[in-house]
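Written below as structure tokens is the structure these notes are about.
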Amino acid sequence: MLRVTTAGESHGPALIAILEGVPAGLALEEGDILPDLERRQTGSGIAKPYTGASPRMKMESDHARILGGVLAGKTTGAPIALLIENADHAKWRGRAVEAMTVPRPGHADWAAALKYDYDDFRIGLERASARETAARVAACAVCRKLLEQLQVTVGSYVARIGRTTVGALEDVSLAERLDRAESSALRCPDPSAEKDMQAEIEQAMQAGETLGGVIELAALGVPPGLGSHVQWNQKLSARLGAALFGIQAIKAVEIGDGESLAALPGTQAQDAIRLHDERIQRPTNHAGGIEAGISNGEPIRVRISMKPIATTIAKQPSVDFRAAGEEAETAYERSDFCAVPRAAIVGEAMMCFVLADAILETCGGDTMRDLLERFAGLRRGKISDLHISSEPKIFWPASE
Ligand SMILES: Cc1cc2nc3c(=O)[nH]c(=O)nc-3n(C[C@H](O)[C@H](O)[C@H](O)COP(=O)(O)O)c2cc1C
């Protein structure tokens, strides 16, 4: 239902995003897109030392201009075109850039040059760079705006950076964790762990190293019935997985309790189905709000793991491709030391996209008015929402 395409290079004049499939009548202005762009630049909108963000983030002050699809402050149903200028571009325009002949392990340099027969490793990195995510975050801020009209909220927090993990958070509700992340420079809901994370980032920076981590993404207010079990690529879990694996440096995606479920006996890994006031209740949420690829009305919970940034001040072994090629060490170029808090915002953006897409698929509608009406009519978790018969039936008639 929804489609997002981006274009543009890291140091080129601008990034562009086109978002198709948004119903007509959604109130939208450039100010709606700004908060997520700011959050992507710092991780939480709060700039503090030791977040590990590249110095470029201080220079770029992203602003998305709406170039199409919105008239008189409302979406028209036409593709929405967004443009973000790269402030850094001025430094690159008209300048002869030294050839990049030594590829960095873990980046696009080598594989992209081989695939497209580039004669300079920089050509691959210009597009592989996560600068591209600014365009995606801008487009998906429109999806967030749509979700807000339906009282669906998407948030995130950082659960791990390097070796430091958050402490026990069982007593802190999911909503409170997401809230706390908004006032933490590292998006960490545990102040004591945040201090240790900051110390670990500082140490890594001094050692010329970089760090990865783990992000928890969550969506609240999601109705049951999104996605489908009937085909592998219609499963909400598969769609979230594909979208989140599409983020640079994301190397694992877990739905609900994910990997840890593998170690549990069957009875402990499921979420009991209970009844309270004629409503279905789930006392736990190991499944992360998705069963058989369909949302079950509980909060959607997804964990994503980010590898450490490939560009390091500390040298890494590689090969210099000048002339016949010889073993060489990588050269450093300005880069993030730890981009986990910033990647969390990109994760939120992709989650907003997948959920808005799945809602439009279930509810349809050319206009926001249609969508709101149909969304309000969705079956929820009441006993009366189901029509289960107690009569036996012949599913497959005997041959005539
Ligand atoms: C928000 C964000 C910021 C990133 N910043 C950098 C960076 O400054 N330097 C870098 O080498 N990689 C950075 N990356 C990761 C690279 O883009 C990524 O590792 C590279 O494109 C290769 O892709 P892969 O790791 O998915 O294999 C960042 C990723 C994200 C999500």
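Remember, it's 1-based here, ligands and their atoms both numbered in the order they're listed. Worth knowing before you read on, the calculation uses all heavy atoms, side chains too, and leaves out hydrogens, waters and symmetry mates. Fair warning: this is a prediction, and the values are worked out from it, not measured in the lab.
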Check for me whether Lys251 has a heavy atom closer than 4.0 Å to any atom of ligand 1.
yes

Within a distance under 4.0 Å of any heavy atom of Ile247, pick out the atoms of ligand 1 and give their elements.
31 (C)

Thr133: heavy atom below 4.0 Å from ligand 1, yes or no?
no

With a 4.0 Å heavy-atom cut-off (strictly under), which part of Thr311 contacts ligand 1: side chain, backbone, both or neither?
both

Thr367 and Asp370: side-chain donor and acceptor closer than 3.5 Å?
yes

Within one Ile-Leu-Val-Met-Phe-Trp-Tyr cluster: Leu71 and Leu82, side-chain cutoff 4.5 Å:
no

Given Ile304, Thr312, Asp336, which has its nearest heavy atom closest to atom 8 (O) of ligand 1?
Asp336

Side chain or backbone of Ile250 under 4.0 Å from ligand 1, or both, or neither, by non-hydrogen atoms?
neither

Pairing donors with acceptors under 3.5 angstrom, does anything connect the side chains of Glu291 and Asn296?
yes

Regarding Thr330 and Arg104, do their side chains bring together a donor and an acceptor under 3.5 Å, going by distance alone?
no

Can Glu30 and His63 be counted as having a side-chain donor-acceptor contact under 3.5 angstrom?
yes

Sub-4.0 Å atoms of ligand 1 with respect to non-hydrogen atoms of Ile309:
4 (C), 5 (N), 6 (C), 7 (C), 9 (N), 10 (C), 11 (O), 12 (N), 13 (C), 14 (N), 28 (C)

Show me which atoms of ligand 1 lie under 4.0 Å from any heavy atom of Lys307.
19 (O), 24 (P), 25 (O), 27 (O)

What is the ring orientation for Trp92 with His11, classed by angle as parallel under 30°, tilted 30 to 60°, or perpendicular over 60°?
parallel

Between Glu182 and Arg177, is the closest basic N to carboxylate O distance under 4.0 Å?
no

Nearest protein heavy atom with distance in Å, relative to atom 21 (O) of ligand 1
Ala128 O, 3.3 Å

By number and element, which atoms of ligand 1 are closer than 4.0 Å to a non-hydrogen atom of Ala130?
2 (C), 3 (C), 4 (C), 17 (O), 28 (C), 29 (C), 30 (C)

List every atom of ligand 1 that sits less than 4.0 Å from any heavy atom of Ala249, numbering the atoms from 1 in the order shown and giving each element.
15 (C), 19 (O), 24 (P), 25 (O), 26 (O)

Report the part of Met306 in contact with ligand 1, treating N, CA, C, O as backbone and CB onward as side chain, heavy atoms under 4.0 Å; options are side chain, backbone, both, neither.
side chain

If the cut-off is 4.0 Å to any non-hydrogen atom of Ser335, which atoms of ligand 1 fall inside it?
7 (C), 8 (O), 9 (N), 10 (C), 11 (O)

Checking a contact table here: which protein heavy atom is nearest atom 22 (C) of ligand 1, and how many Å away?
Gly106 O, 3.5 Å

Looking only at protein heavy atoms, identify the closest one to atom 18 (C) of ligand 1 and say how far it is in Å.
Gln248 CB, 3.9 Å

What atoms of ligand 1 come within less than 4.0 Å of a heavy atom belonging to Ala339?
2 (C), 3 (C), 4 (C)

Looking only at heavy atoms, the pair that brings Cys188 and Ser184 closest together is N-OG, 2.8 Å

So, Glu132 and Thr6: side-chain donor and acceptor under 3.5 Å apart, yes or no?
yes

Please check if any side-chain donor atom of Thr42 sits under 3.5 Å from a side-chain acceptor atom of Arg342, or the reverse.
no

